[in-house]
Asks: 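My questions will all concern the structure given below.
Heavy atoms only: backbone and side chains are in, while hydrogens, waters and symmetry mates are out. Chain A is the first sequence line, chain B the second, and so forth, proteins listed ahead of strands; every chain is numbered from 1.
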2 protein chains.
Amino acid sequence: MIGRTLVTGHAREAGGVAGQTTRSPGGVGPVDVAHAPTDIVQALPRVADDMVSRPGSAVSLLRTVVGVYLREAGGWMPTGAFLALLGALGVPVPQARTALSRVKQRGLLQAEAHDGVAGLALAPGAGAMLACGDRRIHEPRSMAADGEWCLIVFSIPEAMRDARHQLRKQLTWIGCGTVEAGVWICPDFLRGEVEDVVAGLGLSGHVVLFTARGLPAGPVAAGQVGQWWDLEGIAHLHRAFLEGQSGVPEGSAGAAESFAAYVGCIDAWRVIPYLDPGLPAELLPDDWPGPECIALFRRIREAHAGPARDFVLGTLASGGVPAGLDPARLGHSEEVR
Amino acid sequence: MIGRTLVTGHAREAGGVAGQTTRSPGGVGPVDVAHAPTDIVQALPRVADDMVSRPGSAVSLLRTVVGVYLREAGGWMPTGAFLALLGALGVPVPQARTALSRVKQRGLLQAEAHDGVAGLALAPGAGAMLACGDRRIHEPRSMAADGEWCLIVFSIPEAMRDARHQLRKQLTWIGCGTVEAGVWICPDFLRGEVEDVVAGLGLSGHVVLFTARGLPAGPVAAGQVGQWWDLEGIAHLHRAFLEGQSGVPEGSAGAAESFAAYVGCIDAWRVIPYLDPGLPAELLPDDWPGPECIALFRRIREAHAGPARDFVLGTLASGGVPAGLDPARLGHSEEVR
DNA sequence: TCACGCTCTTGACGCTCGTCATGTGAATGA
DNA sequence: TCATTCACATGACGAGCGTCAAGAGCGTGA
């Protein structure tokens, strides 16, 4: 729902003229062609992978575990370890297996046996996406009041409408705002990601990027920013994070609890630094929840990242049976291998 | 014709998908409201006055004389002096009177008698326009390769189509190029004039200006510039100037000849620094005639500005009968008063 | 003052962008 | 495995921008 709000949230004042629908209300016959996933989907920059699944779902949690721990573990983990870690997050083994299968199918992981032990390795090319995600997640950047902007101007023929649609969507995903139809804006430090998106869609010839500065500071600029971004929707994301993480203990806890708290926090946090471009405080409402959100995220990380890491290492060392974990929470741990 | 080339010269490749038109082709009944010439016309920035008349015509020459000499003469000259000066430029007295009447009607000059002598004074508010013209004419600016751009983004509702049309036209007049529909560009040192145009049309609320930099230098940027401006049309203007002024002696000459040469040169030159934004040489074709043009303009000014000024002062001192001028060229000089 | 020609205006049109509604396939969770 | 929900593709639509063509208005020159 949140995602939907954001994606469709840029609705301009559509009031006034009542749109008339001349379409016949009844269902039409089986309509046709449709749904060739086309090669555009294949060309999708991997940023899309961060957005498809809902935070808290099994796939999303798995995706988070992969992002946070798999590279450090050498890019490969036995299947049993995945099951154990997801189990520690409250995901029953059958659903965890389904999630593994789906993430594998999506191309993020690939099956690989090491020394006869079945496991999953990072798919080639996924490393770059994860690294990019790391930057955004752990070093959320904020633009200075006099910082530079990146303006994205494009004109894409109707024949490439899919690509145009994808472009618009992905620009929204990485935090760009809409100035006018065909003119988007973001902090200039996101320029690299914009270029990646554009190149990934094969639209380099139709898009022009400018580095701009000097929005005449003051309330006028703040008003502009309010028109360009769905600040309300982004603030709602932040507040949902604050609310969801408010019960997380910020003191020391058991390794398993720390792991669950930390991964849950990352999983809830992950999408925010994408959709929030990190606008300068001077251009945001006074009660903007961003800084408080970042502070909470950092406190939780400070408290639990270390123990959570220890928990994962312990789980890996024990071959899938995490130490100090109540076996009852693991579901059918005997299935693990 | 040149003007037309420039205005309509940005035609994009209109080919491609054949659009379907569901609109009824027949004319509709007398449609309504419409057609209040509106106050938009009154709000026209004076830059328009520089473009309406063709170089070399009586009105244009008069406009040039006014711009170059009237302010120095104290903002007022007797009608006879105008007739004499235009006569020195080859304009017969009847046409000169028509020109005076029309320029007066347009609001650039206003009738004023000094000490019982009929004459014409600069209309209030015209001074600013002339000053702006001076800057562009005598100090043609050129952008550095790493200079800053001004991006103009606008979206104007269909109900204000006239204003939108005017905006587009005037942006072209002051040298702006088209990036996409609704996105224009010019060197940032023209920003002030852009703001004047926008404010003059009452469109401040619908236009956003950015200061941009960092067109990735090189042939790519040059290609972009070639798409944004009608470089061919501008080069044609330059070459026409070079050709038209090639016969002008650059050495010393009689006062009257210098006056005719100098005013003729200014008159032919005047429009060029408006339509040519002064792009950096790195982004222009190798054979770009701009610098040669400016050099020629400066040589002619160097050679003739002084004597021309003396000629005007002499004419004013003698009350309308210029010294050293062949009376035959003056037409009916006895009509002068 | 008059005829000519250019400019501007006006209406129609095509193109692009964004949105909405709808149908389909996939992801999710029980 | 199955029902529900979500995301995406598609077609239709409104809006904005620019262009074209025809007609009106105005500048130009005789």
Asks: Nearest to the side chain of B:Arg164 - D:dC17, C:dA30, D:dG29?
Replies: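 Minimum distance to the B:Arg164 side chain belongs to D:dC17.
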Asks: C:dG29, D:dA9, C:dG18: which one has an atom nearest the side-chain heavy atoms of A:Gln166?
Replies: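 Nearest to the side-chain atoms of A:Gln166, counting from C-beta on, is D:dA9.
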Asks: Reading DNA chain D from 5' onward, which residue's closest nucleotide shows up sooner: B:Ser155 or A:Arg161?
Replies: A:Arg161
Asks: What is the distance, rounded to the nearest whole Å, between atom CG of A:Leu203 and atom C1' of C:dT16?
Replies: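 Distance, rounded to whole Å: 14 Å.
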Asks: Whole angstrom is fine here: how far is it from CD1 in A:Ile156 over to C1' in D:dC17?
Replies: 17 Å
Asks: Assign each of B:Val183 and B:Ala58 to its nearest nucleotide of DNA chain D by heavy atoms, then name whichever residue's nucleotide is nearer the 5' end.
Replies: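 Residue closer to the 5' terminus by nearest nucleotide: B:Val183.
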Asks: To the nearest angstrom, how far is B:Lys104 atom NZ from D:dG27 atom P?
Replies: 14 Å
Asks: To the nearest Å, how far apart are A:Gln95 CD and D:dT1 P?
Replies: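 The distance from CD of A:Gln95 to P of D:dT1 comes to 16 Å, rounded to the nearest Å.
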Asks: Determine whether the aromatic ring centres of residues B:Trp228 and A:Phe210 are separated by less than 6.0 angstrom.
Replies: yes
Asks: Once you round it to whole Å, what is the distance between P of D:dC17 and CE of B:Met160?
Replies: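 Roughly 10 Å, once rounded to whole Å.
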Asks: Counting only side-chain N and O atoms of B:Trp173, is one of them less than 4.0 Å from OP1 or OP2 of C:dT7?
Replies: no
Asks: Could you tell me if B:Ser60 and B:Arg270 have a donor-acceptor pair between their side chains, going purely by distance under 3.5 Å?
Replies: yes
Asks: Output the single nucleotide from C:dT9, D:dA30, D:dT10 whose closest atom is nearest the side chain of A:Asp162.
Replies: D:dT10
Asks: From D:dG29, D:dC17, C:dT19, pick the nucleotide closest to the side chain of A:Arg168?
Replies: C:dT19
Asks: What I'd like to find out is whether the side chain of B:Ile156 reaches to under 4.5 Å of the side chain of B:Leu167, using heavy atoms alone.
Replies: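 B:Ile156 reaches B:Leu167 side chain to side chain.
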Asks: Whole Å only: how far is the CG atom of A:Leu86 from the P atom of C:dG29?
Replies: 12 Å
Asks: Roughly, in whole Å, what's the span from CZ in A:Phe154 to P in D:dG16?
Replies: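 Taking CZ of A:Phe154 and P of D:dG16, I get 17 Å after rounding.
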Asks: Any idea which of D:dA30, D:dC17, C:dT16 is nearest the A:Glu158 side chain?
Replies: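 The closest nucleotide is C:dT16.
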Asks: Is any side-chain heavy atom of A:Pro157 closer than 4.5 Å to one of A:His206?
Replies: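 The answer is yes; the side chains approach within 4.5 Å.
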Asks: Which part of the nucleic acid, if any, lies within reach of A:Ala99 when heavy atoms closer than 4.0 Å are counted: base, sugar-phosphate only, or nothing?
Replies: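 No contact.
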Asks: Nearest to the side chain of A:Lys169 - D:dA9, C:dT19, C:dG29?
Replies: D:dA9
Asks: Tell me which of B:His165 and A:Ser57 sits closer to the 5' end of DNA chain C, going by the nucleotide each one is nearest to.
Replies: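 Result of the comparison: B:His165.
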Asks: Can you confirm whether the side chains of B:Arg168 and B:Thr178 place a donor and an acceptor under 3.5 Å from each other?
Replies: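 The criterion, which ignores hydrogens and geometry beyond distance, is not satisfied for B:Thr178 and B:Arg168.
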Asks: Expressed in angstrom and rounded to an integer, what is the separation of A:Leu100 atom CG from C:dG29 atom P?
Replies: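 So the two atoms are 14 Å apart, to the nearest Å.
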